Amino acid sequence: MKKTVNNSDKRPLALGFVILGWVLCGYLAFRYNQLKGDPGVLPDLCSSIFGSSCDKALRSMLAWRLGFPLTAWGLAYFGLLGFLFSIRLRVTDQLVILLAAFCA
């Protein structure tokens with residue numbers, strides 16, 4: 001007998017990736033706002049994890065698109081993916097996959 005694969009088996013993993021992306025973008029947005037004031041308040045997780053700081057990239061002109069920092073675009077992107085994913089319809093699941101593939 002052949003076992004059919006249910007898409008709901010993969011939902012927790014996919015939702016975990018969406019939440020992880022949203023949290024990382026949130027941290028980078030918070031870090032970006034901290035760079036305007038006192039950057040020493042919160043430890044630099046990028047240097048702790050990757051061995052080099054993300055501050056130079058956050059201050060770069062390449063970190064801005066259409067007047068907004070990329071961190072804000074990331075928050076909006078992962079927020080939209082999470083919202084669409086929470087609707088739990090087959091068509092929205094396919095839209096999330098399409099949107100994630102197109103923007104990757």
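Computed from a predicted structure; not experimentally measured.
- Note that CG of Leu35 and OG of Ser53 are 7.5 Å apart. Values are rounded to the nearest 0.5 Å.
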*Given side-chain contact (heavy atoms from CB on, under 4.5 Å), test Leu75 with Trp22 step by step and report yes or no.*
CA-CA 6 Å; Leu75 284 171; Trp22 200 78; 3.7 Å; yes
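- Rounding to the nearest 0.5 Å gives a distance of 13.0 Å between CZ of Phe85 and CG of Leu80.
- In this structure, Leu81 and Phe78 have side chains that are in contact, with non-hydrogen atoms separated by less than 4.5 Å.
- Side-chain heavy atoms closer than 4.5 Å link hydrophobic residues (I, L, V, M, F, W, Y) into clusters, and following such links, possibly through other members, connects Val18 to Phe83.
- Atom CG of residue Leu70 and atom CZ of residue Arg65 lie 6.0 Å apart, to the nearest 0.5 angstrom.
- Atoms CG and CG, on Leu20 and Leu15 in that order, are 11.5 Å from each other to the nearest 0.5 Å.
- Under a hydrophobic clustering in which Ile, Leu, Val, Met, Phe, Trp and Tyr are joined whenever their side-chain heavy atoms come within less than 4.5 Å, directly or via other members, Phe30 and Leu24 fall into different clusters.
- Atoms CG and CG, from Leu58 and Asn33 in turn, are 10.0 Å apart once rounded to the nearest 0.5 Å.
- Leu66 has its side chain within reach of Trp73: a pair of non-hydrogen atoms, C-beta onward, lies under 4.5 Å apart.
- Between the OH atom of Tyr27 and the SG atom of Cys54 there is a distance of 7.0 Å, given to the nearest 0.5 Å.
- Minimum heavy-atom separation, Ala57 to Ala63: O-CB, 3.4 Å.
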